[in-house]
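Computed over heavy atoms, backbone and side chain alike; hydrogens, waters and symmetry mates excluded. Numbers here simply count residues along the sequence, with the first being 1.
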Amino acid sequence: MLFNSIEYLLFLPIVFALYWVMANHPKRQNILIVVASYIFYGWWDWRFLILIAFTSICSFVSGILIDKSQVPKKRSLLSALNISINLAILGVFKYYNFFADSLVSAFSSMGVTLHPTTLHLILPVGISFYTFQALSYTIDVKRGKLKATRDIISFFAFISFFPQLVAGPIERATNLLPQFQSKRKFDYATAVNGTKQILWGLFKKMVIADNCADVVDKVWANPDAYSSPMLILGAILFTFQIYGDFSGYSDIAIGTGKLFGIRLMRNFNLPFFSRSVAEFWKRWHISLNTWFVDYVYIPLGGSREGRWKSIRNTFVIFTLSGLWHGANWTYVTWGLYHATLFIPLLLLGKNKKYRNTVAEGKMLPTLSETWNMLLTFLLVVFGFIIFRAENMSAFFHYMGSMLTNWHQPFLISGKDILIYVFILILVEWLNRTKEHAFAFHLKNPFLRWSIYIATALCCLTLAGKQVQFIYFQF
């Protein structure tokens, strides 16, 4: 069920109304959330429900067993067992054929022919998201950061909460689970704030991402037919497409959570205003990046054991991050590319340089800040060319055409999208210190409502062809 679909437009108000009718009964609210979430998820394919239910049961039971045990080795064994089960499920559905095909290619280059069995499996929507959410619960219980819950309904609600189920944010049990275990009160101001965030998220998805997709898909379908400037523009528009698509989903998810009295973590913090690649990764897909830092980078020693080990650990988490995105060498290469960009920052000790908001307290950035933002953006755009390619051959083909097709006439396709992108940048720049771009408050109600109505009309009249959210495949 897509957020920008008629089905969801009917689904959300019904669940919202029933939820607050039960305001004095948290357990009933949680039951409703679980039922609604399973309907939402099963809308794609009811068979997906078997996997998420199995993941939930395994993690719930293992949490109790870990919590009961006082023997460190037994706690570690139980934790490792549940982690292995969840990763095995993820591995079979998402990576088995990838590694099987890679093994065939490797042996084929040495003149050896292999005939492994491939599996024809449907990749469950958002499996990486809820698997990582479940893993964080098991690890935190084992570390003693969290007491295992005995409330199976609240736990199932934590794993399956429909707004963030299929594309995040990847929540931690320490934040989300206690919210399902306590009484929630309807707060009008919070609900209004959430509604505004949903509206901005829909604008980013329907007007920005879906219109960019139309141009990007045409350019990538036949790079030889387009001029070098148009191919460069296509790469830039894909960067805005994936940002509008993914951050738009996050805004809708977080805003919807607020309607239900649930606070989800921020997942994007204006990444295109970053002054270095390190700052970009503090602002892009925050929930995944902090997950890898907390559960992989820091256990490996983080940056406490010298720069070279810090570089090693950086390559580990970026390789895993690339692989997390999908079973394709393009994603792994994309991760390694960004890890490489970190090396000079780590060696010079500048990976933590920027902690404040750019041009804080000023209307415009300095020339130095402008240059750093532009350079960072171009480095990110190049990385997303790798990310967008179906395989490495397609990447080199696109790059070759982009560098050599200067003889082709430069005909701009989809000029209107440039106006939409400019509006996106302007609105986010003016509200860069806010919780989200539509968190502003104008005293003039006429002007305020005019902006909201105009945005809603833009979503209805300027929306591109409905495209499934990119991150559903991950």
Side-chain angles (χ1 to χ4, degrees), residues 129 163-164 167-172 175-176 190 193-194 196-205 208-209 239-258 262-294 297 317-318 321 325 338 341-342 345 350-365 369-370 372-377 379-381 383-384 421 423-441 469-471:
F129 286 91
Q164 47 90 222
I170 303 171
E171 275 294 345
R172 310 295 174 81
N175 173 50
L176 188 54
T190 300
N193 181 282
K196 292 192 289 186
Q197 191 165 3
I198 290 170
L199 180 59
W200 182 241
L202 287 171
F203 177 84
K204 287 198 282 188
K205 167 58 180 170
I208 301 297
T239 302
F240 280 102
Q241 178 195 349
I242 197 168
Y243 172 68
D245 190 282
F246 193 18
S247 72
Y249 181 97
S250 294
D251 278 332
I252 298 169
I254 295 167
T256 304
K258 291 174 183 176
I262 301 293
R263 284 281 182 176
L264 300 174
M265 71 178 294
R266 189 171 188 173
N267 209 20
F268 287 84
N269 186 11
L270 310 175
F272 295 152
F273 301 147
S274 301
R275 291 151 290 182
S276 71
V277 171
E279 186 183 10
F280 173 83
W281 282 104
K282 289 183 178 72
R283 295 173 176 272
W284 179 277
H285 202 175
I286 299 168
S287 64
L288 178 66
N289 297 325
T290 54
W291 196 100
F292 276 118
V293 169
D294 290 344
Y297 185 78
I317 64 169
F318 272 104
S321 179
H325 282 82
H338 277 279
L341 294 179
F342 258 77
L345 297 174
K350 294 185 177 182
N351 54 307
K352 298 180 181 179
K353 180 179 180 181
Y354 299 111
R355 296 179 179 271
N356 63 325
T357 302
V358 64
E360 194 166 8
K362 298 181 292 183
M363 178 58 72
L364 298 173
E369 288 173 328
T370 303
N372 288 334
M373 284 191 292
L374 180 61
L375 178 60
T376 301
F377 178 75
L379 291 172
V380 168
V381 168
F384 277 126
V421 168
I423 293 171
L424 169 76
I425 295 171
L426 178 63
V427 172
E428 294 207 328
W429 176 262
L430 293 176
N431 297 285
R432 64 192 181 278
T433 58
K434 304 288 194 302
E435 179 190 4
H436 57 84
F438 260 30
F440 59 82
H441 179 73
F469 287 88
I470 294 172
Y471 268 67

- Query: Does a side-chain heavy-atom distance below 4.5 Å link Met373 with Phe273?
  - Reply: yes
- Message: Test of understanding: with side chain to side chain donor-acceptor pair (under 3.5 Å), list the residues that count as partners of Asn193, not counting sequence neighbours.
- Response: Lys258, His436
- Query: Of all heavy-atom pairs between Ala209 and Gly244, which one has the smallest distance, and what is that distance?
  - Reply: CB-C, 3.8 Å
- Message: Consider ring-ring contact (aromatic ring centres under 6.0 Å, His included). Of Trp291, Tyr243, Phe246, Phe280, which one does His285 pass it with?
- Response: Phe246
- Message: If I take atom CD1 from residue Ile262 and atom CG from residue Leu176, how far apart are they, to the nearest 0.5 angstrom?
- Response: 6.5 Å
- Work out which heavy atom in Ser250 is nearest to a heavy atom in Asn267; give both atom names and the distance. OG-ND2, 3.1 Å
- Could you tell me whether a side-chain N or O of Arg266 sits under 3.5 Å from a main-chain N or O of Glu435, the two making a donor and an acceptor? yes
- Query: Any side-chain heavy atom of Glu279 within less than 4.5 Å of one from Asn269?
  - Reply: no
- Task: Would you check, one step at a time, whether the test side-chain contact (heavy atoms from CB on, under 4.5 Å) holds for Val427 with Phe203?
- Result: CA-CA 12 Å; Val427 172; Phe203 177 84; over 6 Å; no
- Report yes if the side chains of Asn351 and Trp281 come closer than 4.5 Å at any heavy-atom pair, otherwise no. no
- Item | Non-hydrogen side-chain atoms of Met363 and Leu430 separated by less than 4.5 Å | yes
- When rounded to the nearest 0.5 Å, the distance separating CG of Leu202 from CD of Gln197 is 11.0 Å
- Task: State, with a plain yes or no, whether a side-chain heavy atom of Ile286 is found less than 4.5 Å away from one of Pro169.
- Result: no
- Item | Donor-acceptor pair, side chain of Arg432 and main chain of Val358, under 3.5 angstrom | yes
- Task: For residues Lys204 and Ile208, report the shortest heavy-atom separation together with the two atoms involved.
- Result: O-CB, 3.1 Å
- Item | Side-chain donor/acceptor of Glu428 to backbone N/O of Ala437, under 3.5 Å | no
- Query: Are Phe384 and Phe377 near enough that their ring centres are under 6.0 Å apart?
  - Reply: no
- Query: What distance separates Ile252 CD1 from Leu199 CG, expressed to the nearest 0.5 Å?
  - Reply: 9.5 Å
- Task: Quick one: closest heavy-atom pair of Trp284 and Pro271, and the distance?
- Result: CE3-CG, 3.6 Å
- Residue pair Asp251 / Phe438, side-chain heavy-atom distance below 4.5 Å: no
- Query: How about Phe318 and Phe342: are their ring centres within less than 6.0 Å of each other?
  - Reply: yes
- Task: Please check if atom NZ in Lys434 has more than 12 non-hydrogen atoms from other residues, nucleotides or ligands closer than 6.0 Å.
- Result: yes
- Message: For the backbone of Met265 and the side chain of Glu171, can you confirm whether one donor and one acceptor N or O come within less than 3.5 Å of each other?
- Response: yes
- Message: Give me the atom names and distance for the closest heavy-atom approach of Ala253 to Leu264.
- Response: O-CD1, 3.5 Å
- Query: Quick one: does Thr376's side chain have a donor or acceptor within less than 3.5 Å of a partner on Asn372's backbone?
  - Reply: yes
- Note on the structure: dist Asn289:CG -> Tyr297:OH (nearest 0.5 Å) comes out at 13.0 Å
- Message: Can you tell me how far apart CG (Asn175) and CZ (Arg263) are? Round to the nearest 0.5 Å.
- Response: 10.5 Å
- Note on the structure: Interatomic distance, CD@Glu369 vs CD@Glu360, rounded to 0.5 Å, equals 10.0 Å
- Side-chain contact, heavy-atom cut-off 4.5 Å: Ser276 with Lys353? no
